Amino acid sequence: MKLTTANHWGSYVAELRQGQVDSLSPLVSGDDVSDMSASILDTLDGKSRIRRPAIRESWLKGGPGTDGHLRGADRFIEVEWDQALDLLAGEITRIRGTHGNQAIYAGSYGWASAGRFHHAQSQIHRFYNMAGGYTKSVNAYSFAAGEVILPHILTDLRSTMYEAPSWYEIAEHTDLMLAFGGLALKNTQIQNGGLGQHTARDWMAKLGAGKGQFIGISPIRDDMTPELQAEWMPIRPNTDTALMMALAYCLDQAGKVDTAFLARYTTGYDAFRPYLMGDSDGMPKTPAWAAQITGIPDADIIALADRMTRGRVLISLSWSLQRADHGEQSYWMGVVLAAMLGQIGLPGGGIAIGLAGEHGNGNPDPQLRWAAVPTGRNPVESYIPVARISDMLLNPGAEFDYNGKRLTYPDIRMVHWAGGNPFHHHQDLNRLRKAWARPETVVVQEIFWTPAARHADIVLPVTTVMERNDIAVAQLDGWAVAMKKLVAPVGQARNDHDIMADVADRLGFKAQFTEDRSEMDWLRDIWDRSRQEAGRVGRELPSFDDFWKAGHLHLEGGPETRCFLGEFRKDPIANRLKTPTGKIEIFSKTIADFGYSEIAGHPTWTEPYEWLGGAAIEQTPLHLISNQPKSRLHSQLDPGRGSVKTKIQGREPMRMNPQDAKARGLQDGALVRVFNARGSCLAGIFLDEAIMPGVVQLATGAWYDPEAPERDGSLDRHGNPNVLTADRGTSRLSQGPSAHTCLVQVEAVLGDTPEMKAFDQPAFASG
């Protein structure tokens, strides 16, 4: 039997034999079968799978709040579903009655599994909205600083994704692209919600063979795929803003600023220029000034500025740029630089944000807004910026600043997480462990024994995408795929909807939660509402039955030219932006009036709290880049073949320049200890001249594996870089994560090394 299926890494035809998946073939002939998709088959019934509900032993025997410091080290007791759900329903009732709904944190951040109905966060948010509400999170770890700064100065970040210049548009119109942070092909392996066909590599090959020139400005050369035939301009991490300012200085001094564009479409250049020229602070932002900061010779900066005046130029900013101390500044200055060139709103020119951040960012397929599970309204008003979890748990009642507001951290008594792994996304995991010990109850719904599940009190096993029916769609991809149930659930795993429905039954609102619909009823409803949305924009979708029978749909239409902010350029009065002035804000009175000392009313260069130009390099002389991995999605499927085959001596691989290795007496393939004052981990090194000296790269997502979980600051045996990164907000404006601001030292591991146990089952006690 052959059935269609899909996930974040692609769409496939699965061949079944005797109730098992025998093989996966690409839905579109000639497309790739991602190693990550193959890893689903490896891990489906693997040793890391959760098979039965489990309760942490101390919590079960001593009650809520017992020995929270043992989370991650305690044993578990497997129980029947009825007992687990009774305990969960009882805790929700107790905490709501004693402390109020704001004491429940159900942010549940993370990618979870693909599928429009079985979307973990949608299910848990729908449940808690009906149960009286919960404390939520706002923004995303990927681009929190950008999400907050952009609406003040340009437009919302989501619009920069949906209206981004397409690869087709760039091929047709762009003469020069400056790719700050690169265009990493590895990130285009995936698409949130589902991916129909991988086309990014082919488009980049067309770009590389075309008229345009590409410059990758990054500490890592292969942040630009070889197909682009790009030039590499190595730059010290966290110094992109200084380079942009020097380029702006050159444009101004050469009389190449489009003053007519600035006058009609922007506000505030007259307030910014004195800073650029050094009139306000005594420091002109010259190429010589930037050379000392960035490590790029001033002659190269001058030559690049000159090239920017000779055609259609696109300033591309990766999401990774703003995940750093003062991360808002790189986006703000990128917008200013593009505005000075005067090409915003022209095809293939101006500004692009997040190109190649996922497969859909740049994909020229037609787009459609697909319906989703309705989650309702949250009656609770308390919330936190997504990366402030530890601050919230450690400081109940404390005040904090965020985007012009003065807020208060709620007193969280219960954490409920479904679909995600905070012990992957969050920074300074040793601090998170201390914070995670404080709630009275932690509930995790998971497929595998991830670090998040190991640090829970109530663990509920969840099905994979192959064990249920769903629809894979992505607004940026142009595809819809029927995700048909392929195999029976492993062990006692259940889907998130059914789990929450049974808890809702115990709390008296099951009919409201389920609307008396079956799984297939929900899929039909989502499809029918999507058909209505399609009709409003002049598209016709087939009936649900026809779609389900066919197994997939590809929206018709040729490659699109979107011309980001083109309507604004045509008529800035009729199509004013949603900024306070309706224009591009080079100076923002709104931000200036917030009174934050670390962020002015216009872009500035401010030294990061750790960087290669600072005093801390005496103790920690290497800058750590903890970027996205090639072999998995965040921490998903780390035990699978795609990820495991990249390990070195079972540890996460860390890239290092041969010069830095030689200075430490390290050989290729050596096991090393990576450390700073916040923590330490093991990693296996491979030497590569594609990373600039002074920088090391250790991808995120290796499952956190502390040698002694009950001890503060324990060595991570596996290579999770977030034991090293700092848990500090980018600024009080956005409070985004600043993971890419991190210095470390590296040394050889001598003697015996501890065994890595990240993928093992936890210890169990008898009930």
Side-chain angles (χ1 to χ4, degrees), residues 7-10 32 34-40 42-43 48 110-112 140-142 181-192 195 198 200-201 218-225 237 318-320 323 356-359 361 420-427 429 448 450-452 624-656 674 681-686 688 690-691 695-705 716-725 737 739-740 742 744 756 758-759:
N7 52 49
H8 296 306
W9 309 286
D32 299 328
S34 167
D35 277 346
M36 289 185 266
S37 292
S39 291
I40 296 180
D42 293 351
T43 57
S48 299
W111 273 57
Y141 277 91
S142 293
L183 300 171
L185 186 66
K186 63 182 173 60
N187 296 335
T188 68
Q189 297 178 87
I190 54 92
Q191 176 61 49
N192 195 354
L195 196 161
H198 295 87
R201 186 186 297 275
S218 168
I220 302 173
R221 181 171 59 205
D222 53 23
D223 274 345
M224 302 292 278
T225 183
S318 70
W319 288 340
S320 59
R323 294 197 296 271
E358 300 176 32
H359 185 270
N361 295 15
N421 178 9
F423 285 84
H424 152 69
H425 270 104
H426 202 65
Q427 283 69 64
L429 293 184
F448 305 110
T450 65
L624 173 67
I625 297 294
S626 52
N627 58 357
Q628 293 305 312
K630 293 181 179 179
S631 57
R632 57 183 174 265
L633 167 57
H634 295 300
S635 67
Q636 287 192 20
L637 301 174
D638 193 25
R641 74 179 74 166
S643 183
V644 168
K645 73 180 184 181
T646 69
K647 308 286 185 180
I648 297 174
Q649 299 186 47
R651 323 295 165 147
E652 187 66 16
M654 184 181 75
R655 186 152 45 162
M656 174 180 276
V674 192
C681 67
L682 300 181
I685 66 166
F686 70 98
D688 192 349
I691 189 164
V695 179
V696 291
Q697 178 255 318
L698 180 63
T700 61
W703 285 9
Y704 175 53
D705 185 34
D716 172 57
R717 298 173 287 200
H718 191 193
N720 188 315
N722 277 329
V723 300
L724 305 162
T725 54
H740 286 315
C742 179
V744 299
M756 201 274 288
F759 305 144

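Just so it is clear, the model here is predicted, and its values are computed rather than measured.
In this structure, Gln697 and Asp688 have side chains that are not in contact, with every pair of non-hydrogen atoms separated by 4.5 Å or more. Annotation: side chain of Pro237 is in contact with side chain of Val695 (closest heavy-atom distance under 4.5 Å).
Smallest separation of non-hydrogen atoms from Ser631 and Gly642: CB-O, 3.3 Å. When all heavy atoms of Lys630 and Gln189 are compared, the closest pair comes out as O-NE2, 3.0 Å. Closest approach of Ile648 and Gly684 over heavy atoms only: CD1-O, 3.4 Å. Contact detail for Asn187 and Ala356: the closest heavy-atom pair is CB-O, 3.1 Å. Smallest separation of non-hydrogen atoms from Trp703 and Ala758: CE3-O, 3.5 Å. Minimum interatomic distance between Ser37 and Gly10 (heavy atoms only, all atoms of both residues): OG-N, 4.4 Å.
A distance-only check finds a donor-acceptor pair linking the side chain of Thr646 to the backbone of Ser643 [under 3.5 Å]. Counting only distance, with no hydrogens or angles, the side chain of Ser39 and the backbone of Asp35 share a donor-acceptor pair below 3.5 Å. When atom types are taken as modelled, the side chain of Asp716 and the backbone of Gly719 share a donor-acceptor pair closer than 3.5 angstrom. At least one donor-acceptor pair under 3.5 Å links the side chain of His198 to the backbone N or O of Trp9. In terms of modelled atom types and a separation under 3.5 Å, the side chain of Gln427 and the main chain of His425 share a donor-acceptor contact. In this structure a side-chain-to-backbone donor-acceptor pair under 3.5 Å is missing from Arg717 to Leu682. Remark: the backbone N or O of Arg641 is paired with a side-chain donor or acceptor of Asp42 at under 3.5 angstrom. Using a distance-only test at 3.5 Å, with no hydrogens or angles considered, a donor-acceptor pair links the side chain of Gln636 to the main chain of Ala112. Looking at Asp222, its side chain never comes within 3.5 Å of a backbone N or O of Thr225 through a donor-acceptor pair. Side-chain atoms of Arg632 come within 3.5 Å of backbone atoms of Thr700 as a donor-acceptor pair (strictly under, hydrogens ignored).
Between the side chains of Gln628 and His634, at least one donor N or O lies within less than 3.5 Å of an accepting N or O. Neither side chain, Thr450 nor Asn421, offers a donor N or O lying under 3.5 Å from an acceptor on the other.
Applying the side chain to side chain donor-acceptor pair (under 3.5 Å) criterion to Asn192, with sequence neighbours excluded, gives no partner residue.
Between Tyr141 and His426, the two ring planes are perpendicular [angle over 60°; tilted spans 30° to 60°]. Relative orientation of the Trp111 and His8 rings is perpendicular, given thresholds of 30° and 60° on the angle between their planes.
Results of the side-chain contact (heavy atoms from CB on, under 4.5 Å) test with Arg655 over Ile220, Ile685, Val696 single out Ile220 as the only residue that passes. When the options Asp705, Asn720, Leu698 are evaluated for a side-chain contact (heavy atoms from CB on, under 4.5 Å) with Cys681, the one that passes is Leu698.
A salt bridge links Lys647 with Asp638: the closest approach of a Lys/Arg side-chain nitrogen to an acidic carboxylate oxygen falls below 4.0 angstrom.
Note: Gln191 CD to Leu633 CG = 11.0 Å, rounded to the nearest 0.5 Å. A distance of 11.5 Å separates CZ of Phe686 from CE of Met656, quoted to the nearest 0.5 Å. Atom CG in Leu429 sits 6.5 Å away from atom OG1 in Thr725 (nearest 0.5 Å). Taking OG from Ser320 and CD1 from Ile625, the interatomic distance works out to 8.0 Å, rounded to the nearest 0.5 Å. A distance of 9.0 Å separates NE2 of His740 from CG of Leu624, quoted to the nearest 0.5 Å.
In summary, the aromatic rings of Phe759 and His718 are positioned with their centroids under 6.0 Å apart.
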